[in-house]
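Taking it in order: structure first as structure tokens, then the write-up.
Because the structure is predicted, anything quoted here is derived from the model rather than measured. Within every chain, numbering begins at 1; the chains are lettered A, B, ... in the order of the sequence lines, protein sequences first and strands thereafter.
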Amino acid sequence: MHNQEKASFSPYGDCTSCARAGCNCVDCKCSMKIQGLTVEKKDGYILKDVSLEVTHGEILAIIGRNGAGKSTLLKAILGRIPYTGTISYTSHKGEPIVRPKIGYVPQNLVFDRTSPVTVADFLCPNLSRFPVFLGHRKEALEKAGAILGKVGASCGLLKKRMGTLSGGELQRVLLAFALEPLPDLLLLDEPVSAMDRKGTEVFYDLVTSLRKEYHMPVLLVSHDLAHVEQFATSAALLDQTVLLSGPVETVMSSPLVEEVFGIPKRKREQNGNHL
Amino acid sequence: MEIIYNWMDWLLPFEWAEFTFMKHALLAVLLVTPLFGLVGTMVVNNRMSFFSDALGHSALTGIALGVLMGVDNYLLSMLGFSLLFALLMSGVMGSGLSSADTIIGVFSSTGLALGIVLLSSQGGFAKYSGYLVGDILTVGTEEILLLAGVLVLVILLWVLLFNRMFLTGMNPDLAASKGISVRLTEKLFVVIVAVLVTISIKWVGILIINSLLVLPAAAARNIARSMRAYHVYSVGISMISGVTGLILSYYLGTAAGGTIVLTAAAFFFVTFAAARLRKS
């Protein structure tokens, strides 16, 4: 089913109802471009001259061994560490975006689970300027409920405390958090590591359909090659720099990937697509 | 002030409220406790309770510097030093060279020891030992106005910046993804805590100021299930313990600061028991 989805999806839009105001879906130009990104620490380079581009409709997977610099790349994109080089964003009209909004879905949200924070408390700062410690505006709550519905969660979650959510529920809430305000880039960091197989498929189906509706480039960091093959449209092999990038089939069947991950493609398939 | 005194005489026809110093103390408590309740929730949420403790300790060095420079009002020297101290401490913590609790421990003891050394070199530490336990009965009119100003300012900042600080405390990466300047927000919060601790240290005392910041929020956390409830309970518990502690201290003849903290501690244990009962 997923392969069908991928085949029928043309990168220049087959949607009729983009959620972005004024977006002409046929020639949407939204993209994110990294040029010459370098991160240096005392004992050497963590990332050196990384260049990547994710365009409209694309799901670019970053793969690489542990310590290849995947999480450093994420931190740089989020602006949490200093770097040299440029990261630039282009809107659907082809104009540069100065202050991009990033929809970031982390691997597992590190937060204090005993904290008295409800899902509504967590989502509403994105939807309204009304300070959360005074409560919530009705409009913001309705909006939060609608977004939860969009990511396949019930709006009954709003009253639940963040610390009591299951892995799957938390991941949906994080996706809902990422989607508002509309992001210029969706950044997924091992988004399904806390989910079972079924939850994983539902999550990726959701991302695929959201990508059509919102028209944003998607960057996926994953060590699960099976997921990458199934859901990404292109891939880049990272080890301090980009060793290889291109359409997902090309990258996945290259001997380099085989070398880094140590398992030939045929074997991976035999093992039920899981590493 | 006269109008307020008359109101208080009419509202509070009790023995303890007859004295002007008690009226001042009550006003100060009513102004400072909501501040502690409000800011304390974020101190506890961001796991900064030892950070604010170290800030309290550094006030002693601030006083010593004031003495050395020969100023009468130590507020400015304390404020200056604790701001410097707070930013330095959070800068060292941001470097990631040592774990946060180690760095706070180092700064906390340095701030306290430096204060003791400097003050004792000026001919006797005993003169300043009052700062250790504080005395709320010495609050004057000017200081009440200062507290009122700070209360208004903090409420204003909270309305404008709370969401940002909340998300930053929850997860800095997520906050950064929404375009929030994490570093600036963290520094701003540190400055607010430093100012709050410094202006109230004279009346609450170096030894217990942190309890007043942490206890109401910790008690509220036991029973709250949302951010609004958390803040309502925290401010409520802070104000009730403040007023109750002050009145109790009058009749028991004990130090007001300590009595207030003990009342807040009682709230903590009661809410803790309530939470345990609800769970089982």
Side-chain angles (χ1 to χ4, degrees), chain A residues 41 71 74-82 97-112 114-136 140 158-164 173-174 177-178 180-181 183-187 189, chain B residues 34 37-42 44-48 94-97 154-184 186 217-235 271 275 279:
Chain A
K41 280 216 172 144
S71 30
L74 286 182
K75 293 252 175 205
I77 293 173
L78 289 171
R80 297 276 290 143
I81 50 166
I97 301 171
V98 187
R99 301 194 65 179
K101 296 177 203 81
I102 300 168
Y104 173 51
V105 182
Q107 183 172 10
N108 37 30
L109 183 69
V110 180
F111 71 106
D112 184 353
T114 60
S115 199
V117 176
T118 62
V119 172
D121 291 332
F122 180 61
L123 293 177
C124 283
N126 284 335
L127 308 169
S128 154
R129 303 190 70 146
F130 194 70
V132 167
F133 76 97
L134 294 175
H136 307 293
L158 283 176
K159 283 184 185 159
K160 270 189 135 180
R161 278 198 302 112
M162 290 289 287
T164 63
V173 169
L174 286 174
F177 183 89
E180 193 68 42
D184 303 306
L185 169 76
L186 189 60
L187 189 59
D189 178 14
Chain B
L38 201 60
V39 176
T41 55
M42 193 137 348
V44 171
N45 256 18
N46 295 6
R47 297 175 175 261
M48 284 177 61
S95 75
L97 282 175
V154 167
I155 290 177
L156 213 64
L157 281 174
W158 241 238
V159 168
L160 289 173
L161 301 171
F162 180 83
N163 287 356
R164 256 171 233 219
M165 294 196 283
F166 165 61
L167 286 183
T168 305
M170 187 99 186
N171 184 293
D173 286 340
L174 276 185
S177 78
K178 294 298 174 189
I180 294 168
S181 167
V182 171
R183 282 198 167 212
L184 196 69
E186 281 172 349
R221 233 177 121 103
N222 283 337
I223 45 172
R225 287 179 165 184
S226 72
M227 284 312 268
R228 186 168 68 174
Y230 187 24
H231 285 80
V232 168
Y233 292 150
S234 178
V235 170
T271 52
K279 223 175 184 181

Atom group of [X] that falls short of 4.5 Å from chain B, counting heavy atoms:
X	value
Lys75(A)	side chain
Thr114(A)	both
Ala178(A)	backbone
Phe130(A)	backbone
Leu174(A)	side chain

Atom group of [X] that falls short of 4.5 Å from chain A, counting heavy atoms:
X	value
Arg47(B)	side chain
Leu38(B)	side chain
Leu174(B)	both
Val159(B)	both

Could you tell me which of Asn171(B), Asp173(B), Leu161(B), Val182(B) has the largest number of non-hydrogen atom pairs under 4.5 Å with chain A?
Asp173(B)

Where do [X] and [Y] come nearest, in terms of heavy atoms and distance?
X	Y	answer
Pro172(B)	Arg80(A)	CB-NH2, 3.2 Å
Ala224(B)	Pro116(A)	O-CB, 3.5 Å
Arg161(A)	Arg225(B)	CG-O, 3.5 Å

Does any N or O in the side chain of Asp112(A) come within less than 3.5 Å of the main-chain N or O of Asn45(B), such that one atom is a donor and the other an acceptor?
no

Under a 4.5 Å cut-off applied to non-hydrogen side-chain atoms, are [X] and [Y] in contact?
X	Y	result
Asp121(A)	Phe166(B)	yes
Lys178(B)	Pro181(A)	yes
Leu167(B)	Phe177(A)	yes
Leu134(A)	His231(B)	no
Thr118(A)	Met227(B)	no
Ser115(A)	Arg221(B)	yes

Among the listed options Val132(A), Leu78(A), Val117(A), the residue most often paired with chain B at heavy-atom distances under 4.5 Å
Val132(A)

Of all of Leu109(A), Leu187(A), Leu74(A), which one pairs up most often with chain B through heavy atoms under 4.5 Å apart?
Leu109(A)

Pairwise distance OG(Ser177(B)) to CG(Leu185(A)) - rounded to 0.5 angstrom:
10.0 Å

Review item, side-chain donor-acceptor pairs of residues 97-105 of chain A, under 3.5 Å, at least two apart:
{"residue": "Arg99(A)", "atom": "NH2", "partner": "Gly179(B)", "partner atom": "O", "Å": "3.4"}

